Structure formats: structure tokens, C-alpha cells
Engineer: 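Supplied in C-alpha cells, the structure appears directly below.
Just so it is clear: chains get the letters A, B, ... in the order the sequence lines come, proteins before strands, and each one is counted from 1. Just so we're clear, the structure is a prediction, and the values are computed from it rather than from any experiment.
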Amino acid sequence: MPELPEAERARQILESVLGRRVTAVDDADDYVCRPHQRGEIRSALLGHEFVRAGRRGKFLWLDTADGPTLGLHLGMAGRIALDSDAERPHWDRFAIDFADGTRFALRDKRRLGRAVLNPDISHVGPDAADITRADFRERVGRGAAPVKARLLDQKALAGVGNLLADEALWRARVAPARATGELSEQELDRLRRELRAAMRDAIRDGGVHTGLLIVDRGRGQRCPRCSAALERERIGGRTTFWCPRCQPEAPV
DNA sequence: AGGTCTGTTCAGCT
DNA sequence: TAGCTGAACAGACC
């Protein structure tokens, strides 16, 4: 499931197509490719070349030098596939061919990924990988929402998904249902530090699924630190796992 | 074979 | 306004 680490990996792959002329665009899937006008993305991009691959949170984009920007989102199951990938493109929802024969595709079984022109991400918060300590305290440490719900709010900070939120809260020993406004500065700083460390590890190890709390996600899982039986509950609308012993409900 | 679960974003509600 | 719920999709799993 793509979260910030997977999106960053995708951005790195997109960097490999910079500086090549676009010769073909497949934007036929008018659910994934927005807006709906058939061929609009295609005609906007043909003949251009991309000069920069950007990312904020899970939002990706490719800038052309003087033309439009292509926005990409992986949704819940998407990834960026290069033509060299062995898997056949059964689920390519959007694809670009370049003059040198290179091709990349948004490969997405669920069709919840998106390809758009000139994306507006002004509502999206700062990237979770480089949010400052002060900014984190400000954006996460206020209000009455459960801290887990706030971590998932892309307007507050961008890039944290369900699995990464659980992993970071567990590493920081903060219970997911704690109200944001009741977290101490020490807890907020610890949460930010552990969130960043969890993202670093995930980028290095191949994705959010490699997290300690995540690998054996399922019923009957025990805390990797203290072996207590994990709790499972719906918090912030999402399935949440946490350790009742390591992550107490009261401030620490 | 049918029902449930999944995980991200957005619209719509309180 | 802040926070919650459900819809969108379609494959994986039981």
C-alpha cells in the first residue's frame, strides 16, 4: 500500500525518464485520467520532455520546462512500472512512451490512482519527511482528534498512511486514541522523531510493510518489544493495532 | 460463490 | 470548523 516511502521510490523511478521526448501517451482510462476529456493529457504532453520529478507526501508530479505539469497519485494499490519490469501490463491505467524507447506506466489494479494535468496540491500539508519540529507541534499537537486520525490527515502533514501511522505511534510509545491537544511537547517531538526514523527505515528496507509492527499484521499478533497481545480497534476510520503495555493511554 | 476486508481521497454531513 | 462517515474501485481472502 503506497505511503510516503513507496511514493518516494516511485519519484526516484520517475527521475529516470527526465530529459526524454514524449512520443506517446495512453490516457484512455477516463476514470484514472482526469479531467475526463479524452486525449486532453495526451495532447498537452506530446512532444514535451520532463525536467523535474517532484513529490509532496503521496502526491507526485513531473514538470515540463515550459509546458504543463503531469500530476500522479498511486492511490491504494498503484506503482510506477518501467518497461523493463517483467510483469505484463494488465493493469496499466496510464502510460507514456519516450523517443528512446523508454516507457513508464501507472500500474494499478484498483483504479484508485490518478493522472491529472497541472495538479493543485495547495491544500496538502508539509511533507512528513521534512516537517520541522515547530511545525509538527503546531499541526499535530492541537485539537481533540485522536492522534492517529491527525497523522492520517494529509492537510496536517503529507505522506503518512495507515500502516506508517501505527508503526510510528508504536515506536514513540504513544497510544493512537490519545487526543492531539493532550500530548506533551516531549511526546510530540518523540513522535516526530520516530515517524521520520520509521520512514527512513521503510525507504531503505523496501516499503512500509517492513515495519516491525506491520510485518505480521493480523489477528493474534504480539508486541515485538514486550510480547503483550496487541489491541485492534477502528480509530480514525481505519483498522489500528497497538500495544496496550508499551503505548499507555496517559502521558509519559 | 458470496461476503468481507483492504487502504487513500473526497464529498457531504453534523 | 473540526471531525466523522461512506462512496469510489476491484482484487485478495475466507
Engineer: Would you indicate which nucleotide in C:dA8, C:dC4, B:dT8 comes nearest to any side-chain atom of A:Tyr31?
Structural biologist: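 Taking heavy atoms from C-beta onward, the closest nucleotide is C:dA8.
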
Engineer: Does the side chain of A:Thr23 come under 3.5 Å of the side chain of A:Asp97 through a donor N or O and an acceptor N or O?
Structural biologist: no

Engineer: Out of B:dT6, B:dT8, B:dT9, which nucleotide sits closest to the side chain of A:Arg234?
Structural biologist: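 From the listed options, B:dT6 comes nearest.
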
Engineer: With the threshold set at under 4.0 Å for non-hydrogen atoms, list the residues of residues 203-210 of chain A touching DNA chain C in residue-number order.
Structural biologist: none

Engineer: Among C:dG11, B:dT6, C:dA8, which nucleotide has an atom closest to any side-chain atom of A:Lys109?
Structural biologist: C:dG11

Engineer: Within the distance-only criterion (no hydrogens, no angle test), does the side chain of A:Asp29 pair as donor or acceptor with the backbone N or O of A:Tyr31 below 3.5 angstrom?
Structural biologist: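 Such a contact is found between A:Asp29 side chain and A:Tyr31 backbone.
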
Engineer: Under 3.5 Å, is there a donor-acceptor pair linking the side chains of A:Arg20 and A:Thr102?
Structural biologist: yes

Engineer: Taking CG from A:Asp166 and P from B:dT8, how many angstroms apart are they, rounded to a whole number?
Structural biologist: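 Rounded to the whole Å, the gap is 11 Å.
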
Engineer: Nearest to the side chain of A:Arg150 - C:dG3, B:dT8, C:dA10?
Structural biologist: C:dG3

Engineer: How is A:Ala77 classified with respect to the nucleic acid when contacts are heavy atoms under 4.0 Å: base, sugar-phosphate, or nothing?
Structural biologist: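 Touches nothing.
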
Engineer: What is the minimum heavy-atom distance between A:Ile131 and A:Arg139, and which atoms define it?
Structural biologist: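 Result for this residue pair: CD1-CD, 4.2 Å.
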
Engineer: So, the side chain of A:Asp166 versus the backbone of A:Phe241: is there a donor-acceptor pair under 3.5 Å, distance only?
Structural biologist: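 Yes: the side chain of A:Asp166 pairs with the backbone of A:Phe241.
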
Engineer: If you only use heavy atoms from C-beta on, which nucleotide in C:dA10, C:dG3, B:dT9 is closest to the side chain of A:Gln154?
Structural biologist: B:dT9

Engineer: Starting at atom CG of A:Leu151, determine the distance to atom C1' of C:dG3, rounded to an integer number of angstrom.
Structural biologist: 15 Å

Engineer: Can you check the A:Leu74 CG to B:dT9 C1' distance for me, whole Å?
Structural biologist: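 Checked: the CG to C1' distance equals 13 Å.
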
Engineer: Can you tell me if the side-chain N/O atoms of A:Thr239 get under 4.0 Å from OP1 or OP2 in B:dC5?
Structural biologist: no

Engineer: Under the 3.5 angstrom rule, does the side chain of A:Glu3 hit a backbone N or O of A:Leu163 as a donor-acceptor pair?
Structural biologist: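 It does hold such a pair.
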
Engineer: Has A:Arg107 got a side-chain atom pairing as donor or acceptor with A:Ala81's backbone, closer than 3.5 angstrom?
Structural biologist: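 Answer holds: no.
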
Engineer: Among B:dT8, C:dG11, C:dC9, which nucleotide sits nearest the side chain of A:Arg111?
Structural biologist: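 Of B:dT8, C:dG11, C:dC9, C:dC9 is nearest to the side chain of A:Arg111.
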
Engineer: From the set C:dA10, C:dC4, B:dC10, return the single nucleotide nearest to any side-chain atom of A:His123.
Structural biologist: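 Taking heavy atoms from C-beta onward, the closest nucleotide is B:dC10.
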
Engineer: With a cut-off of less than 4.0 Å, is there a side-chain N or O of A:His73 near OP1 or OP2 of B:dT9?
Structural biologist: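 So the side chain of A:His73 is within the cut-off, an N or O lying under 4.0 Å from OP1 or OP2 of B:dT9.
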
Engineer: Sticking with atom P, work out how far C:dC9 lies from B:dG12, rounded to a whole angstrom.
Structural biologist: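 Each nucleotide's P atom is 16 Å from the other's.
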
Engineer: Just how far, in rounded Å, is C1' of B:dT8 from NZ of A:Lys148?
Structural biologist: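 My rounded result for the distance is 13 Å.
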
Engineer: Between A:Arg238 (CZ) and C:dA7 (P), how many Å, whole number?
Structural biologist: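 Going from A:Arg238 (CZ) to C:dA7 (P), I get 16 Å.
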
Engineer: Is there a donor-acceptor pair closer than 3.5 Å between any side-chain N or O of A:Arg34 and the backbone N or O of A:Val116?
Structural biologist: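 No; judged by distance alone, with no hydrogens or angles, the pair does not exist.
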
Engineer: With sugar-phosphate meaning primed atoms plus P, OP1 and OP2, does A:Gly143 contact a base, only sugar-phosphate, or nothing at under 4.0 Å between heavy atoms?
Structural biologist: sugar-phosphate

Engineer: From C:dC9, B:dC10, C:dC4, pick the nucleotide closest to the side chain of A:Leu112?
Structural biologist: C:dC9

Engineer: With distance as the sole test, does A:Gln12 use its side chain to make a donor-acceptor pair with the main-chain N or O of A:Arg9 at under 3.5 Å?
Structural biologist: no

Engineer: Write down the distance between CZ (A:Arg56) and P (B:dT9), rounded to a whole number of angstrom.
Structural biologist: 13 Å

Engineer: Kindly point out which of B:dT6, C:dC9, B:dT8 is positioned nearest to the side chain of A:Arg232?
Structural biologist: B:dT6

Engineer: Do A:Ile235 and A:Val140 sit in the same hydrophobic cluster, where Ile, Leu, Val, Met, Phe, Trp and Tyr count as joined when their side-chain heavy atoms come under 4.5 Å apart?
Structural biologist: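 Unlinked, A:Ile235 and A:Val140 end up in two clusters.
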
Engineer: Kindly express the pairing pattern of DNA chain B in dot-bracket notation, using | wherever a base pairs with another strand and counting only Watson-Crick or G-U pairs under 3.5 Å.
Structural biologist: .|||||.|||||||

Engineer: Nearest-Å distance, CG (A:Asp30) to P (C:dA8)?
Structural biologist: 16 Å

